**Student:** 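Below is the structure I would like to discuss, written out as structure tokens.
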Amino acid sequence: MYRAEFRMPRTAVRDWLERTCPQAGEPKTEFCAPESADPCLGVGFLAEAGDYAGEVPDAAQPGFGAAAARVSVEYEGPDTALVRFEAFDM
């Protein structure tokens, strides 16, 4: 599993999510992990995944190493958001 956390301006979150995961669909606010996350989204990289984003044809390529990714955002205040990005295999 690969993990990254970083902070960014709260007002830039939606645009960043759309540019980073354009085929993931609209971020949601329910069924997020952790539950304190505000918006979150999941992206599948395998064709059989229910949230398949179509980014990688058929299967993750050798060296790519991830079958899915999860992004969650927690708004820490009026100006800052904590973004957590996790990529993992099944």
Side-chain angles (χ1 to χ4, degrees):
M1 179 184 297
Y2 305 96
R3 291 186 179 148
E5 287 187 5
F6 58 93
R7 287 179 172 78
M8 65 184 302
R10 181 179 175 140
T11 56
V13 168
R14 293 283 176 164
D15 183 56
W16 180 85
L17 288 172
E18 289 174 7
R19 285 184 294 114
T20 304
C21 307
Q23 296 175 345
E26 185 68 22
K28 58 185 179 180
T29 56
E30 60 183 355
F31 308 117
C32 292
E35 288 184 16
S36 59
D38 293 299
C40 66
L41 56 84
V43 181
F45 299 118
L46 301 177
E48 61 270 13
D51 55 2
Y52 177 56
E55 295 291 330
V56 180
D58 299 321
Q61 300 298 315
F64 184 71
R70 178 174 45 232
V71 181
S72 63
V73 178
E74 291 184 58
Y75 295 129
E76 296 184 314
D79 300 323
T80 307
L82 172 64
V83 179
R84 290 186 176 100
F85 179 89
E86 299 177 323
F88 48 91
D89 59 12
M90 300 303 201

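Any value given below was found using the heavy atoms of this structure, including those in side chains, with hydrogens, waters and symmetry copies removed. Just so it is clear, the structure is predicted and the values come from calculations on it, not from any experiment.
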**Student:** Can you name the closest pair of heavy atoms from Leu41 and Leu17 and give their distance?
**Tutor:** CD2-CD2, 4.0 Å
**Student:** Does atom CZ (Arg19) have a neighbourhood of more than 12 heavy atoms from anything else shown, all under 6.0 Å?
**Tutor:**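 Counting other residues, nucleotides and ligands, CZ of Arg19 exceeds 12 neighbours.
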**Student:** Checking Glu18 now: which residues fulfil salt bridge (charged side-chain N to carboxylate O under 4.0 Å, His left out) with it, not counting sequence neighbours?
**Tutor:** none
**Student:** Start with the C-alpha gap between Trp16 and Val73, add the side-chain angles, then the distance that decides, and say whether side chain to side chain contact (heavy atoms under 4.5 Å, CB included) holds.
**Tutor:** CA-CA 11 Å; Trp16 180 85; Val73 178; 5.9 Å; no
**Student:** When rounded to the nearest 0.5 angstrom, what is the spacing between CG in Asp15 and OG1 in Thr20?
**Tutor:**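 Reported to 0.5 Å precision, the distance equals 8.5 Å.
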**Student:** Do Cys40 and Lys28 come within less than 4.5 Å of each other through their side chains, counting heavy atoms only?
**Tutor:**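 They are in contact (side-chain heavy atoms under 4.5 Å apart), so the answer is yes.
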**Student:** Please output the side-chain donor-acceptor pairs of residues 77-84 that fall under 3.5 Å, not counting sequence neighbours, one pair per line with the distance.
**Tutor:**
from, atom 1, to, atom 2, distance (Å)
Arg84, NE, Glu5, OE2, 3.0
Arg84, NH1, Glu74, OE2, 2.2

**Student:** Tell me every residue that passes side chain to side chain donor-acceptor pair (under 3.5 Å) with Arg70, counting only those two or more places apart in sequence or in another chain.
**Tutor:** Glu86
